[in-house]
Protein chains: 2
Amino acid sequence: MGERRTRNQERILKVMKGLMQPTSAQDLYIQLRNHEYTIGLATVYRSLDALKVDGLVQVRTLPSGESLYSLPQEDRHHLTCLRCGNSILITECPVHDLEDELQSHHKFRIYYHTLEFFGLCPSCQAKEDAAADAPSL
Amino acid sequence: MGERRTRNQERILKVMKGLMQPTSAQDLYIQLRNHEYTIGLATVYRSLDALKVDGLVQVRTLPSGESLYSLPQEDRHHLTCLRCGNSILITECPVHDLEDELQSHHKFRIYYHTLEFFGLCPSCQAKEDAAADAPSL
DNA sequence: CTTCCTGCAAAGAGTTTGCATCAAA
DNA sequence: TTTGATGCAAACTCTTTGCAGGAAG
């Protein structure tokens, strides 16, 4: 895969290894500056994009439109409440066989997948149901 | 669930039924205007948000940050190329048992899930590999 | 020397918010 | 009347692009 990592790409990978959790581009920018690396925000985005295409970094875009970047990790999924936004980490994942099948069938080189569940948490279910029962307050 | 649909929410659902495919808020805005509905873009967003929380509409946020809205449909997933962005529709899905389990275990009311695969398509694999082999052009 | 990388600032895209008005009960 | 819905425009956030200078081979 597209070898040649630039100095800043290396730095980004290094910082991400220290963080060990999905991080936004803007947060990475701050982290890098804290590590005494002078770098521009645009370079962070450009570097992340290059790393992404080579499968060295994976991306999960939130409903807010913000993207979280992380090192490739298996089976980190979420169950998220559509109302309050709280989410629970899910580490079970039954898609590996399908992934293998897709890879050979479509001749793609699959780097990773995302699996996210959405609904209402117990607390927000109560709020929603209450709102439905008592329409006029 | 939060009953009371507003006039505009009803119109949005109606137009979405006619479209039968994931659509951006901005496109929906245009469609609604074509249907002779005078509506503001902000109202489209507010209505979609209300419908989302009630599970009547589901959302998929693209890496670009744009959100696509659709009526609840089972098993519409994608295999997307990280380089050229082309994607293939995947209708197989092995997560239903897990979904049931999560629903009862966490007491969530799950409305839907997203499952997306990312990698390189055959064509872009070739381009990437070529770039790696011949670093200096 | 030539090519790609980088930083800064400006521009862009999509979405959200403030506020006055309007509709519904 | 009272509450929530709506439209418009302004404001915001995250991301991308233009460009001149700098590093790398």
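Numbered from 1 within each chain, the chains take letters A, B, ... in sequence-line order.
- Looking at residues two or more places apart in sequence or on another chain, you find a side chain to side chain contact (heavy atoms under 4.5 Å, CB included) between B/S70 and B/P22, B/Q58, B/Q73.
- Judged as a ring-ring contact (aromatic ring centres under 6.0 Å, His included), not a single pair has a partner in residues 22-45 of chain B (not counting sequence neighbours).
- Applying the side chain to side chain contact (heavy atoms under 4.5 Å, CB included) criterion to B/T114, with sequence neighbours excluded, gives A/E116, A/F118, B/Y112.
- Here the CD1 atom belonging to A/I90 is positioned 13.0 Å from the NE2 atom belonging to B/H113, to the nearest 0.5 angstrom.
- Between the side chain of B/E92 and the main chain of A/L102, no donor-acceptor pair closer than 3.5 Å is present.
- In plain terms, the two heavy atoms of B/T80 and A/F108 that are nearest each other are C-CE2, 3.9 Å.
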task = Go through the steps to decide whether B/I39 and B/R11 satisfy the test side-chain contact (heavy atoms from CB on, under 4.5 Å), and finish with yes or no.
result = CA-CA 10 Å; B/I39 188 175; B/R11 287 174 177 171; 5.9 Å; no
Dump every N/O contact between nucleotides 7-9 of chain C and the protein below 3.5 Å, one line per pair.
from	atom 1	to	atom 2	distance (Å)
C/dG7	OP1	A/T38	O	2.4
C/dG7	OP1	A/I39	N	3.4
C/dG7	OP2	A/G40	N	2.9
C/dG7	OP2	A/T43	OG1	2.7
C/dG7	O5'	A/G40	N	3.4
C/dG7	N7	A/R46	NH2	2.9
C/dG7	O6	A/R46	NH2	3.1
C/dC8	OP2	A/R33	NH2	3.1

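- Applying the side chain to side chain contact (heavy atoms under 4.5 Å, CB included) criterion to B/L62, with sequence neighbours excluded, gives B/R60, B/S64, B/E66, B/L68.
- In the region residues 65-73 of chain B, proximity to DNA chain D at under 4.0 angstrom, judged on heavy atoms, holds for none of the residues.
- You'll find the side chain of B/C121 reaches within 4.5 Å of the side chain of B/C84, heavy atoms only.
- For B/D27, there are no salt bridge (Lys or Arg N to Asp or Glu O under 4.0 Å) partners, not counting sequence neighbours.
- Distance, B/Q9 CD to C/dA23 P: 18 Å, rounded to whole Å.
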Report all interatomic pairs (protein N or O, nucleotide N or O of nucleotides 20-24 of chain D) with separations under 3.5 Å.
none

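- Close to D/dT6, at under 4.0 Å from its OP1 or OP2, lies a side-chain N or O of B/T6.
- Here D/dT13 presents its P atom at 13 Å from CD1 of A/I30, a figure rounded to the nearest Å.
- For the pair B/L48 CG and C/dG14 P, the interatomic distance rounds to 15 Å; values are reported in whole Å.
- Annotation: salt bridge (Lys or Arg N to Asp or Glu O under 4.0 Å) contacts of B/D49 (sequence neighbours excluded): B/K52.
- Taking atom CD1 on B/I12 and atom C1' on D/dG7, their separation rounds to 13 Å, with Å as the unit.
- Atom-to-atom, CG of A/D49 to P of D/dT15 comes out at 11 Å; the value is rounded to the nearest Å.
- Rounded to an integer number of Å, the gap from CG of A/L62 to P of D/dT13 is 16 Å.
- The side chain to side chain contact (heavy atoms under 4.5 Å, CB included) check on A/S47 picks up A/N8, A/Q9, A/I12, A/T43, with sequence neighbours excluded.
- Two end axes, each from the C1' atoms of five base pairs, can be drawn for the helix from C/dC1-D/dG25 to C/dA25-D/dT1; they diverge by 30°, to 10 degrees.
- Legend: residues meeting side chain to side chain donor-acceptor pair (under 3.5 Å) with A/Q21, ordered by chain and number and at least two apart, are absent.
- The side chain of B/Y45 contributes an N or O atom lying less than 4.0 Å from OP1 or OP2 of C/dT15.
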